[in-house]
Protein chains: 2
Amino acid sequence: MKIEDEIKQSAFKDDYQKAYINLVFTAGWLQLRQSAMFKEYGLTLPQFNILRILRGQHPKPATVNMLIERMLDKTSNASRIVDKLEIKELVTRKVCPSNRRAVDIRITDSGLELLQRIDAVMAVQGTGLQNLTAEEAAQLSDLLDKIRD
Amino acid sequence: MKIEDEIKQSAFKDDYQKAYINLVFTAGWLQLRQSAMFKEYGLTLPQFNILRILRGQHPKPATVNMLIERMLDKTSNASRIVDKLEIKELVTRKVCPSNRRAVDIRITDSGLELLQRIDAVMAVQGTGLQNLTAEEAAQLSDLLDKIRD
DNA sequence: TGCAAATATATGTACCTACATTTAATGTTG
DNA sequence: CAACATTAAATGTAGGTACATATATTTGCA
């Protein structure tokens, strides 16, 4: 569906405004579809993303700082998202022995199992960009990089 | 800055994953820049967007339903965002005479003035897509439409 | 060594999203 | 026309974002 119809607006000022609105709208659209996938496993999107970073480190620990660095949303509150994961026993938190200001965060076996189950669904559904060819995806990525130059 | 460096991740599985992450990241990046513009005027991004829809209708009223239809984020809570705008006296809310379930929402003179002041800043800063040519913006929009087909 | 600056995380607050539920008014239909 | 369904908005709740501030630890250096 064209973006004009999605937001019931017939005309845009120019191609820039149209692209901007389309970009924000499509990102939200993709994230909502992703979220729906995790919901049945009791995870939110940021929780899932943090779990994946932790799996990437496993069995080494991560710190809150490292999570923030790698998150898409730098200003989000990693500390409180880790809280939720800890309550669900998907991660552990322990004061770092070599630097008692920092906290070692590790994914638990239960967390690894959960990710594995979600992987299966992800493999089927993909990122949501299946309608593009690989070349188009690369082209899209280049355009986005250029925006932020 | 390339997306790899932005999130300190050196490799992506494929172009699809890279484009997905880039898309979500760039949309967030743009929205953060936009938000910074409104903040000094005491508005959030959703508040600003609703004000603009109301200006488009002015002097006719809008209803909550109409706002939701036109918002980028359909599941957001227009009713409570209007609350905030009403407190700041940027909009008025009045039971619709012809359908007492609905509410007529109108932008006030004060709201129109505020938007006008922000327009000036917007005109200078643009949408944040200035690094693209008009052709690239159009091309971006087409790729995004294709994702959601 | 002692004390200020820097660092790592946690917490407080305002606002937001997502989604379920409630309340009130209006339509519909037997 | 009375009961029930539908519609429009508001409200409740859990979780997130953005940003300021607090607390504890470590570092640097006079």
Side-chain angles (χ1 to χ4, degrees), chain A residues 24-25 27-51 61-69 71-88 90-105, chain B residues 24-25 27-51 61-69 71-88 90-105:
Chain A
V24 170
F25 180 83
W29 183 86
L30 282 170
Q31 291 193 83
L32 200 56
R33 295 182 70 214
Q34 290 269 86
S35 294
M37 260 171 53
F38 310 130
K39 196 169 303 167
E40 59 182 305
Y41 298 98
L43 286 185
T44 64
L45 190 56
Q47 286 171 19
F48 172 76
N49 286 330
I50 283 190
L51 270 191
T63 64
V64 171
N65 253 351
M66 182 193 287
L67 294 178
I68 290 172
E69 264 183 358
M71 283 169 74
L72 294 188
D73 204 338
K74 311 292 188 201
T75 68
S76 89
N77 210 316
S79 186
R80 274 182 280 224
I81 296 171
V82 170
D83 283 350
K84 304 284 160 59
L85 293 171
E86 198 182 13
I87 289 167
K88 287 182 268 207
L90 300 172
V91 310
T92 59
R93 198 155 28 178
K94 208 169 54 171
V95 170
C96 172
S98 65
N99 178 353
R100 300 202 357 240
R101 285 172 301 190
V103 171
D104 282 345
I105 302 160
Chain B
V24 170
F25 180 83
W29 183 87
L30 283 170
Q31 291 194 84
L32 201 56
R33 296 184 65 209
Q34 290 269 83
S35 295
M37 262 172 53
F38 310 130
K39 197 170 303 168
E40 56 182 309
Y41 298 98
L43 286 185
T44 64
L45 191 56
Q47 287 170 18
F48 172 76
N49 285 330
I50 282 190
L51 270 191
T63 63
V64 170
N65 254 349
M66 184 195 285
L67 293 177
I68 291 172
E69 264 184 359
M71 284 170 72
L72 293 188
D73 205 339
K74 310 292 189 203
T75 68
S76 88
N77 210 316
S79 185
R80 273 181 283 222
I81 296 171
V82 170
D83 284 350
K84 305 284 160 57
L85 293 171
E86 198 182 13
I87 288 168
K88 288 182 267 206
L90 300 172
V91 309
T92 60
R93 199 156 25 180
K94 208 169 55 173
V95 170
C96 171
S98 66
N99 179 352
R100 302 207 351 247
R101 283 173 301 190
V103 171
D104 282 345
I105 302 160

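All of these numbers come straight from a predicted model, not from anything done at the bench. Each chain gets a letter, A, B and so on, in the order the sequences are listed, and its residues count up from 1. Values reported hereafter were calculated over all heavy atoms of this structure, with side chains retained and with hydrogens, waters and symmetry mates removed.
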Taking the side chain as every heavy atom from C-beta outward, state whether A:Met66 and A:Thr63 have any pair of such atoms under 4.5 Å apart.
yes
How long is the line joining CG of B:Asn49 and C1' of C:dC16, in whole Å?
13 Å
Please tell me if the side chains of B:Arg93 and B:Asp83 come closer than 4.5 Å, counting only heavy atoms from C-beta onward.
yes
B:Leu43 vs B:Leu90 side-chain heavy atoms within contact, under 4.5 Å
yes
Could you check which residues of residues 29-42 of chain B get a heavy atom under 4.0 Å from DNA chain C? Sort them by number, please.
none
Considering only heavy atoms from C-beta outward, does the side chain of A:Arg80 approach that of A:Pro46 to under 4.5 Å?
no
If you assign each of A:Thr63 and A:Gly28 to its closest nucleotide in DNA chain C, which residue comes earlier from the 5' end?
A:Thr63
Any residue of residues 71-88 of chain A with a heavy atom less than 4.0 Å from an atom of DNA chain D
A:Asp73, A:Thr75, A:Ser76, A:Asn77, A:Arg80, A:Ile81, A:Lys84
What's the spacing between A:Thr92 OG1 and A:Leu85 CG if we round to 0.5 Å?
11.0 Å
Can you tell me the distance, in whole Å, between the CG atom of A:Asp104 and the P atom of C:dA10?
12 Å
Search all heavy atoms of B:Ala27 against all heavy atoms of A:Val24 and return the closest pair with its distance.
CB-CA, 4.3 Å
Starting at CD of A:Gln47 and ending at C1' of D:dG15, how long is that distance when rounded to a whole Å?
8 Å
Please tell me which of the listed nucleotides, C:dT9, D:dA9, C:dT26, lies nearest to the side chain of B:Val103?
D:dA9
Can a side chain N or O of A:Asn99 be found less than 4.0 Å away from OP1 or OP2 on D:dT25?
no
Does A:Thr44 reach the side chain of A:Lys84, with side-chain heavy atoms less than 4.5 Å apart?
no
B:Glu69 CD to D:dT7 P, in whole Å, measures 13 Å
Listed once per pair and sorted, the side-chain hydrogen bond (donor to acceptor under 3.5 Å, both in side chains) pairs that draw on residues 94-104 of chain A, sequence neighbours left out
A:Asn99-A:Arg101
Taken to the nearest whole Å, CZ/A:Arg100 to P/D:dT27 is 12 Å
Please report the distance, rounded to the nearest Å, between CG in B:Leu43 and P in D:dA18.
17 Å
In terms of heavy-atom contacts, A:Lys74 and A:Ile68 come closest through O-CG2, 3.4 Å
Any donor-acceptor pair under 3.5 Å joining the side chain of A:Arg101 to the base of C:dT9?
no
Taking atom P of D:dG16 as reference, at what distance in whole Å does atom CG of A:Leu67 sit?
14 Å
From CG of A:Leu45 across to P of C:dC16 the rounded distance in Å is 21 Å
